[in-house]
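Encoded as structure tokens, the structure appears first; notes follow it.
Excluded from the calculations below are hydrogen atoms, water molecules and symmetry mates; all remaining heavy atoms, backbone and side chain alike, are included.
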Amino acid sequence: MTSKFNYGNSVIVYEVVKSKRSKTSQITVDTSGVTVRIPQTKTAEHARKIVKAKAQWIFKKQLYYKEQKQEKSKITFAKNSGIPFRGKIYFIKIVPNSQEKVKVSGKFMEFHIKQKRHTIKQISQMYQKWLEVRAEKIFSRTIKKFAQKLNVKPRAIAVKQLKGRWGSTTEQGQINLNSNLLKAPQSVINYVVLHELCHLKIKEHSDRFWNLLSKHMPNYEKQLKWLEINGITIS
């Protein structure tokens, strides 16, 4: 059973596991999440009290794992290093070519460049421009899918390098989406798109808003958690 506990401005999501073998309650925090194992006779409220008592410790452990993951996932744009696209990591491959372009080939992301020497800034700019072009097609397709389910129609769609947010909806009904979102898995893209489309019906983050979102994506908290953990590394 999955539950959550509000700790300051953060939300601790934890899994409660009941076991006939367990005689005492135990809490573990690792890269996969927070798990509370309790005896069969104990209640969900008992698990909640454990999380509440250990909230500060849990938060520090999660912050540690988050920082470790971010450090490992930094994009350096060096030759043969990893680069994200739609939730997968591809290895950078430099290909001499008379025509500059970027393409995915197997486990590689190929950067075709004219000159023999290149700079990290050049590769970074080519990657970002390529993302923006791909994002327009993929975001439009995703918006069309969920707009039909919600019976809404955005006035316009804009792909930008937004700072501090993954998407926004204007008073006029325009949806803005961050091109860096294309580095995330499709399920996360779906969440952000659905989130903004729900704002066309309900502007504020009320219970009605979250109920509407949950109706069309029951596991939205999983996607939200992915962004909380990986957001900095793909922004």
Side-chain angles (χ1 to χ4, degrees), residues 9 11 70 73 75 77 83-90 99-105 109-112 121-235:
N9 294 325
V11 177
Q70 288 170 356
S73 304
I75 304 173
F77 291 104
I83 194 167
F85 176 60
R86 300 186 78 179
K88 294 182 179 180
I89 299 297
Y90 296 87
Q99 183 181 2
E100 288 194 349
K101 63 179 179 178
V102 180
K103 62 176 285 190
V104 171
S105 178
M109 184 169 290
E110 298 179 354
F111 289 82
H112 294 237
K121 183 179 179 181
Q122 179 187 2
I123 299 302
S124 174
Q125 289 176 342
M126 287 177 68
Y127 172 59
Q128 203 62 46
K129 186 177 180 180
W130 178 79
L131 276 182
E132 289 173 8
V133 173
R134 296 296 296 269
E136 289 180 4
K137 296 178 182 178
I138 293 170
F139 290 166
S140 295
R141 191 164 61 235
T142 307
I143 285 175
K144 183 178 179 181
K145 172 186 171 183
F146 285 102
Q148 289 176 343
K149 291 184 178 182
L150 285 168
N151 194 26
V152 294
K153 188 175 182 180
R155 198 164 189 175
I157 303 165
V159 177
K160 304 177 179 180
Q161 275 191 274
L162 301 173
K163 289 187 177 181
R165 57 175 61 187
W166 298 110
S168 65
T169 304
T170 69
E171 290 288 335
Q172 295 73 34
Q174 173 175 303
I175 289 182
N176 303 314
L177 293 170
N178 193 327
S179 57
N180 285 320
L181 189 60
L182 206 59
K183 300 172 187 177
Q186 183 62 45
S187 57
V188 175
I189 296 172
N190 290 347
Y191 161 72
V192 175
V193 167
L194 179 60
H195 185 113
E196 298 309 328
L197 287 172
C198 284
H199 277 312
L200 294 179
K201 285 196 166 187
I202 306 169
K203 293 181 181 180
E204 70 283 354
H205 287 122
S206 61
D207 288 342
R208 285 180 59 240
F209 173 86
W210 292 112
N211 288 338
L212 176 63
L213 196 154
S214 181
K215 178 182 176 182
H216 294 279
M217 187 177 287
N219 69 336
Y220 79 87
E221 287 183 344
K222 181 180 179 182
Q223 318 311 330
L224 186 57
K225 185 177 180 181
W226 192 97
L227 280 173
E228 289 176 353
I229 295 173
N230 301 281
I232 292 177
T233 64
I234 66 170
S235 60

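For I175 against P154, the heavy-atom pair with the smallest separation is CD1-CB, 4.0 Å. Shortest non-hydrogen contact noted between L162 and L177 is CD1-C, 4.0 Å. The shortest non-hydrogen separation linking L197 to A147 is CD1-N, 3.6 Å. The nearest pair of heavy atoms linking M217 to S187 is CE-O, 4.4 Å. Listed here is the closest heavy atom pair of W226 and P185: CZ2-CD, 3.3 Å.
Within the structure, every pair that satisfies the ring pair (Phe, Tyr, Trp, His ring centres under 6.0 Å) test and touches residues 180-209, not counting sequence neighbours, is listed here: Y191-H195, H195-H199, H195-H205, H195-F209, H195-W210, H199-H205, H199-F209, H205-F209, H205-W210. Pairs engaging residues 127-149 under the ring pair (Phe, Tyr, Trp, His ring centres under 6.0 Å) rule: F77-Y127, F85-W130 [sequence neighbours left out].
K149 places no side-chain N or O within 3.5 Å of a backbone atom of H216 that could act as its donor or acceptor partner. The main-chain N or O of E196 is found under 3.5 Å from a side-chain atom of T169 such that the two form a donor-acceptor pair. Between the N180 side chain and the Q161 main chain, no donor and acceptor come within less than 3.5 Å of each other.
Expressed to the nearest 0.5 Å, how far CG of L213 lies from NZ of K215 amounts to 12.0 Å. I83 contributes atom CD1, which lies 8.5 Å from atom CD1 of I123 (distance to the nearest 0.5 angstrom). Atoms CG and OG, on N219 and S214 in that order, are 9.0 Å from each other to the nearest 0.5 Å. Atom CD of Q186 is separated from atom CD of Q223 by 10.5 Å, given to the nearest 0.5 angstrom. For the atom pair OG (S179) and CZ (R134), the distance works out to 13.5 Å, reported to the nearest 0.5 Å. To the nearest 0.5 Å, atoms CD1 (I189) and CG (L182) are separated by 5.0 Å.
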Please walk me through it: do L131 and K183 pass side-chain contact (heavy atoms from CB on, under 4.5 Å)? CA-CA 8 Å; L131 276 182; K183 300 172 187 177; 3.6 Å; yes
Residue pair I138, R86: steps toward the side-chain contact (heavy atoms from CB on, under 4.5 Å) verdict: CA-CA 10 Å; I138 293 170; R86 300 186 78 179; 3.7 Å; yes
Report the C-alpha separation of K101 and E110 in whole Å, then their side-chain angles, then the decisive distance to 0.1 Å, and conclude whether the salt bridge (charged side-chain N to carboxylate O under 4.0 Å, His left out) test is met. CA-CA 8 Å; K101 63 179 179 178; E110 298 179 354; over 6 Å; no
Verdict with reasoning, M126 to H112, per side-chain contact (heavy atoms from CB on, under 4.5 Å): CA-CA 10 Å; M126 287 177 68; H112 294 237; 5.8 Å; no
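By the 6.0 Å contact criterion, NZ on K88 is open, its count of non-hydrogen atoms from other residues, nucleotides or ligands being 12 or less.
A 4.5 Å side-chain heavy-atom check between V192 and L227 finds at least one atom pair inside the cut-off. Between Q125 and K121 the shortest side-chain heavy-atom distance falls below 4.5 Å. In this structure, L150 and L200 have side chains that are not in contact, with every pair of non-hydrogen atoms separated by 4.5 Å or more.
Each of M109, K129, Q128 was compared with V102 under the side chain to side chain contact (heavy atoms under 4.5 Å, CB included) criterion, and only M109 meets it.
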